Amino acid sequence: MYKALIVDDEKPVRIAISKLGKWAHFQIEPPLMAANGKEALATMREVQPDIVFADMNMPVMNGTEFLKIASEEFPNTRFIIISGYDDFFYAQQAIRYGAVDYLLKPIVEEDLNEAILRTLQNLSPGFTPVSEEHEETNLDSDTVIEIIHDYIDKNYSQNIKISMFADKYFFSKEYLTRQFKARYHCGIYEYVLQVRMERARELLLDPGIKIQDISQRVGYSDNNYFSKAFRTYYGISPTAFRQGRGL
């Protein structure tokens, strides 16, 4: 499955793209989202998406800055630019940094999905979408549990809810929780926490990364909440761990 990221400071636009895209048809996981370029780069460093939809006019870091950094750091990622400005300047900047396609707001479903197809064919020559009747919607429970486990490993920095899997694969949340625990000996949310804490511990060994940035990279927007979770899990604060006073 391919991975996608939607970067736009306007929540309605992010939602529109997420709803209009035929993700399963194109073998793409449900897209991740970011509100600005800085947040998007942090997410990309964790999940390395195949396709990124990026707005050109954003706060914190505009689309040109984001595209310049992201295209250099992630040469295998393909970018589709989203803009509310029918201005050739933006198109020039997008093309300069390797954007595969360029869409104007408001997003049109047909244009969006044609852009996704072109981008995937650029990424993987010969790519062919799956027919709708064969899309992943009714898999057996063992396969679904593996998908959940793999999804957490790759997307632990995101807000993961059991309901997203229950709705997609038509199993109850309670059933998925029981099956996951039977197979992996811990609950789904417990596993999310385990993956986040182990990754945080690895990142803390690098003194060049700020604790606040580590917090965001492993899925915590509140640094205090991250510190509390780390202390509860390891019995020591992130700062003390970094200073070598434990573990």
Side-chain angles (χ1 to χ4, degrees), residues 1-8 13-34 37 39-56 63-64 66-83 90-105 107-140 143-158 160 164-165 168-169:
M1 296 287 281
Y2 295 96
K3 291 180 286 185
L5 172 65
I6 302 168
V7 191
D8 198 299
V13 175
R14 298 197 301 269
I15 293 174
I17 295 173
S18 70
K19 290 187 177 297
L20 294 175
K22 296 181 179 180
W23 311 110
H25 179 59
F26 293 118
Q27 303 173 53
I28 301 174
E29 296 176 1
L32 305 175
M33 299 188 189
E39 184 180 320
L41 285 173
T43 299
M44 291 183 71
R45 287 164 185 152
E46 292 300 323
V47 303
Q48 299 184 6
D50 301 288
I51 300 176
V52 173
F53 300 84
D55 185 20
M56 292 302 291
T64 302
F66 165 71
L67 195 58
K68 179 180 179 181
I69 297 171
S71 62
E72 291 178 355
E73 190 169 341
F74 303 94
N76 295 323
T77 297
R78 299 296 184 268
F79 297 88
I80 297 175
I81 299 306
I82 308 295
S83 178
Y90 288 103
Q92 282 182 313
Q93 294 299 308
I95 294 169
R96 178 181 177 186
Y97 295 115
V100 175
D101 222 317
Y102 186 92
L103 297 173
L104 290 173
K105 300 176 185 178
I107 302 302
V108 177
E109 180 176 359
E110 183 178 356
D111 293 343
L112 171 65
N113 286 294
E114 286 179 356
I116 293 173
L117 177 58
R118 284 193 295 271
T119 303
L120 285 172
Q121 290 175 335
N122 177 280
L123 182 68
S124 303
F127 169 83
T128 303
V130 298
S131 58
E132 295 190 10
E133 61 266 25
H134 290 101
E135 292 175 10
E136 270 187 16
T137 54
N138 193 23
L139 303 175
D140 65 86
T143 301
V144 171
I145 295 304
E146 289 181 9
I147 290 173
I148 294 173
H149 188 271
D150 183 61
Y151 184 88
I152 293 171
D153 284 342
K154 296 177 179 177
N155 302 282
Y156 55 83
S157 63
Q158 304 305 305
I160 296 174
M164 60 193 285
F165 304 110
K168 181 174 182 180
Y169 298 111

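What you are looking at is a predicted structure, and each value in this text was computed from that prediction instead of being measured.
- Smallest separation of non-hydrogen atoms from Ile28 and Ala4: CG2-CB, 3.8 Å.
- Residues forming a salt bridge (Lys or Arg N to Asp or Glu O under 4.0 Å) with Lys3 (at least two apart in sequence, or on another chain): none.
- With rounding to the nearest 0.5 angstrom, the CZ atom of Phe53 is 7.0 Å from the OG1 atom of Thr119.
- Annotation for Gly37 and Val7: closest pair N-CG1, 4.3 Å, computed over non-hydrogen atoms.
- Although no hydrogens or angles enter the test, the distance criterion places no donor-acceptor pair under 3.5 Å between the side chain of Asn155 and the main chain of Val47.
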**Message:** Apply side chain to side chain contact (heavy atoms under 4.5 Å, CB included) to residues Gln27 and Leu120 and explain how you reach the verdict.
**Reply:** CA-CA 10 Å; Gln27 303 173 53; Leu120 285 172; over 6 Å; no
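- Proximity of Trp23 to Ile116: side-chain heavy atoms (C-beta onward) are separated by under 4.5 Å at one or more points.
- Between atom CD1 of residue Ile17 and atom CD1 of residue Ile107 there is a gap of 5.0 Å, rounded to the nearest 0.5 Å.
- Heavy-atom minimum distance, Met56 versus Ile81: CG-CG2, 3.2 Å.
- Of the inter-residue distances, the one linking Ile82 atom CD1 with Leu112 atom CG reads 7.0 Å to the nearest 0.5 angstrom.
- Annotation for Ala34 and Glu39: closest pair CA-OE2, 3.3 Å, computed over non-hydrogen atoms.
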Name every donor-acceptor pair, under 3.5 Å, that has one atom in a side chain of residues 121-128 and the other anywhere in the protein, sequence neighbours excluded.
from, atom 1, to, atom 2, distance (Å)
Asn122, OD1, Arg78, NE, 2.5
Ser124, OG, Tyr2, OH, 2.9
Thr128, OG1, Gly126, O, 3.3

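- Smallest separation of non-hydrogen atoms from Val52 and Met44: CG2-CE, 3.9 Å.
- For the pair Pro49 and Thr77, the tightest heavy-atom approach, listed with the atom from each and the gap, is O-OG1, 2.8 Å.
- Atoms CG and CZ, from Leu5 and Arg14 in turn, are 10.5 Å apart once rounded to the nearest 0.5 Å.
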**Step-by-step side chain to side chain contact (heavy atoms under 4.5 Å, CB included) determination, Lys22 to Glu109** = CA-CA 9 Å; Lys22 296 181 179 180; Glu109 180 176 359; 4.0 Å; yes
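- With rounding to the nearest 0.5 Å, the separation of CD1 in Ile160 from CZ in Phe165 is 6.0 Å.
- With values rounded to the nearest 0.5 angstrom, Asn113 atom CG is found 7.5 Å from His25 atom NE2.
- Within the structure, side chain to side chain donor-acceptor pair (under 3.5 Å) pairs that include any residue of residues 42-51 comprise Arg45-Glu73, Glu46-Tyr156, Glu46-Arg217 (at least two apart or interchain).
- The only option from Ile152, Asp153, Ile145 that meets the side chain to side chain contact (heavy atoms under 4.5 Å, CB included) definition with His149 turns out to be Asp153.
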**Worked verdict on Asp55 versus Val13 for side chain to side chain contact (heavy atoms under 4.5 Å, CB included)** = CA-CA 10 Å; Asp55 185 20; Val13 175; over 6 Å; no
